[in-house]
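What follows is a set of notes on a single structure, which appears directly below.
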Number of protein chains: 2
Amino acid sequence: MSYTYKYARPSVTVDCVVFAIDFEEENIKVLLIKRGEEPFFGNWALPGGFVHMEESLEEAAIRELKEETGLDSIYLEQLFTYGEIGRDPRDRIISVAYFALVNLAGKVLNASTDAADAAWFALDELPALAFDHDRIINDAYDRLKGKLRYKPIGFELLPPLFSLSDLQKLYEIILGVSFDKRNFRKKLQKLDVLEETDQIQKDVKHRAAKLYQFDHVRYLERENAGFYFEL
Amino acid sequence: MSYTYKYARPSVTVDCVVFAIDFEEENIKVLLIKRGEEPFFGNWALPGGFVHMEESLEEAAIRELKEETGLDSIYLEQLFTYGEIGRDPRDRIISVAYFALVNLAGKVLNASTDAADAAWFALDELPALAFDHDRIINDAYDRLKGKLRYKPIGFELLPPLFSLSDLQKLYEIILGVSFDKRNFRKKLQKLDVLEETDQIQKDVKHRAAKLYQFDHVRYLERENAGFYFEL
DNA sequence: CCAAAAGTGTTGGGACTACACCCATGA
DNA sequence: TCATGGGTGTAGTCCCAACACTTTTGG
């Protein structure tokens with residue numbers, strides 16, 4: 001058989017599930033854009049678009065996020081690739097989904113070129129979504145819950161300096177359980193990956209909490225030494 | 001902007017990393033095929049090929065496995081999608097990699113249509129591989145090691161009936177550590193997902209071990225009840 | 001009877017759970 | 001002074017790691 005890439009080719013897109021935590025409302029938010037094109041014109045959908053020939057998948061995800069939402073340099077990992085027949089009503093489309101985490105307070109959204117609008121929605125109050133994006137969001141949430149327990153990805157959802165109560169609330173919101181305050185703090189202390197700073201909370205009307213930061217370097221040292229992060 | 005899927009399209013392939021355990025040699029085996037086409041004619045590579053327009057990704061993976069190796073109805077999960085520029089020397093190719101587990105003793109290989117040959121290689125003695133397949137195998141091995149600890153996927157590498165020593169040896173081979181026999185057995189007993197059968201080992205020249213089987217149903221019950229499999 | 005692997009209990013230490021009160025601050 | 005969340009210790013239980021010998025079978 002000769003070497004020819006002779007088969008008909010599907011189109012390939014990337015889609016990004018961007019999560020953030022809303023500490024006021026105590027819920028999880030997903031970033032959606034209102035589609036400005038057919039199909040599903042006017043519906044809400046995940047930010048994303050076609051992969052260009054001169055960029056990698058991750059580059060495409062980063063570019064689309066920037067173009068459609070203005071978000072930049074956020075945590076991003078590949079989630080899953082969806083390739084069922086009929087996902088797109090008109091053509092064969094394969095979508096590589098990405099999973100992104102962002103600190104809600106630290107970023108501002110820009111609507112732009114091919115998205116008429118971008119907005120945060122509570123995960124449990126999503127509008128009707130284009131394509132199979134509801135399923136993708138579900139899978140992403142499963143990944144978030146699963147990975148949160150054994151990898152320090154929660155810190156991506158917090159500002160660089162945070163209180164222990166914020167961290168605990170984050171875990172409680174995402175996992176849907178509550179933790180004992182003293183036990184939670186003891187466990188973190190034992191993990192030894194948080195660094196206490198000399199900063200404290202500002203503008204709170206009660207005793208200000210000490211602020212901590214996550215020590216990536218120490219975490220990697222411990223992981224390589226065979227210690228497991230687990231919460 | 002009008003609705004046209006106007007972009008140039010990459011080709012999409014699937015590649016399968018099939019693992020098995022060799023209990024005689026006490027090592028991990030990977031299934032490779034010798035390429036019968038350019039590029040990398042004559043090199044060893046992962047089984048796989050182009051995704052057709054009328055099949056899903058998983059269907060493509062199952063079809064290619066059957067065509068190239070004869071393997072059928074084995075454990076399969078999606079691993080990762082590789083889309084770097086230049087992975088393939090001649091064209092833009094995006095590969096959806098799958099991760100497969102099989103019981104070495106229970107299956108026979110068939111070479112066929114577009115693979116000149118198929119063979120098992122020890123993971124630590126791989127030949128030069130086509131494309132970036134060495135990297136894909138590495139990623140698959142990481143997935144195997146990681147997932148083995150908290151999901152009962154090891155049973156996919158064993159025959160339906162197995163001894164506790166086989167199971168322990170499997171964990172030791174894959175994770176590269178050794179476990180205390182009594183503690184290992186106590187832990188399994190506590191997990192309560194193994195069913196003792198009335199069968200025993202045959203044709204061994206020492207005391208024959210009792211054979212057990214994995215109880216999928218009970219495992220799912222426990223998982224839904226919030227219990228974690230962990231070893 | 002020898003080789004080879006199967007099978008089996010106990011103990012000490014560390015981790016986890018459950019639980020309640022005082023402290024600091026701003027309004 | 002009050003409301004709000006910040007911060008802290010102990011005791012009991014359970015889990016885990018460490019450790020060695022006897023049993024069964026085939027050759």
**Request:** Tell me which of R182(B) and K187(B) sits closer to the 5' end of DNA chain D, going by the nucleotide each one is nearest to.
**Result:** K187(B)
**Fill in**
note: F227(B), atom CZ; dC15(D), atom P; distance rounded to Å ~ 10 Å
**Prompt:** Hey, is the side chain of R207(B) poking within less than 4.0 Å of OP1 or OP2 on dG26(D), counting only N and O atoms?
**Reply:** no
**Complete:** By nearest-heavy-atom nucleotide on DNA chain C, the more 5' of H206(B) and K205(A) is H206(B)
**Message:** Under 3.5 Å, is there any donor-acceptor pair linking the side chain of K186(B) to the base of dT10(C)?
**Reply:** yes
**Request:** Establish, from distance only, whether the side-chain atoms of Y82(A) and D15(A) form a donor-acceptor pair under 3.5 Å.
**Result:** no
**Item:** Length of the CG-P vector between D180(B) and dT11(C), whole Å
**Value:** 17 Å
**Prompt:** How close or far is atom P of dG5(D) from atom CG of D203(A), stated in whole angstroms?
**Reply:** 15 Å
**Item:** For atom CG of L231(A) and atom C1' of dC16(C), their distance in whole Å
**Value:** 13 Å
**Asked** Under 4.0 Å between a Lys/Arg side-chain N and an Asp/Glu carboxylate O for E156(A) and K151(A)?
**Response** no
**Message:** With a 4.0 Å cut-off on N to O distance, would you call R63(A) and E67(A) a salt bridge?
**Reply:** yes
**Asked** Any side-chain N or O of S165(A) under 4.0 Å from OP1/OP2 of dG5(D)?
**Response** no
**Request:** Please report, rounded to the nearest Å, how far the C1' atom of dG7(D) is from the NZ atom of K169(A).
**Result:** 16 Å
**Prompt:** Which comes earlier along DNA chain D counting from the 5' end, the contact point of N183(A) or that of D166(A), where each point is its nearest nucleotide?
**Reply:** D166(A)
**Asked** Is any N or O donor-acceptor pair between the side chain of K181(B) and the base of dG7(C) shorter than 3.5 Å?
**Response** yes
**Request:** Before accepting this row, confirm whether a basic side-chain N of the pair D139(A)/R135(A) lies closer than 4.0 Å to the acidic partner's carboxylate O.
**Result:** yes
**Request:** Using whole Å, report how far CZ of R185(B) lies from P of dA18(D).
**Result:** 18 Å
**Request:** Please state how far atom CG in L191(B) lies from atom C1' in dC16(D), giving the value in whole angstrom units.
**Result:** 13 Å
**Rounded interatomic separation in angstrom, taking CD from Q168(A) and P from dG7(D)** = 12 Å
**Request:** Look at the side chain of K210(A) and the base of dT8(D), then say whether one donor and one acceptor between them are separated by less than 3.5 Å.
**Result:** no
**Asked** Would R218(B) and E195(B) pass as an ion pair if we require N to O under 4.0 Å?
**Response** no
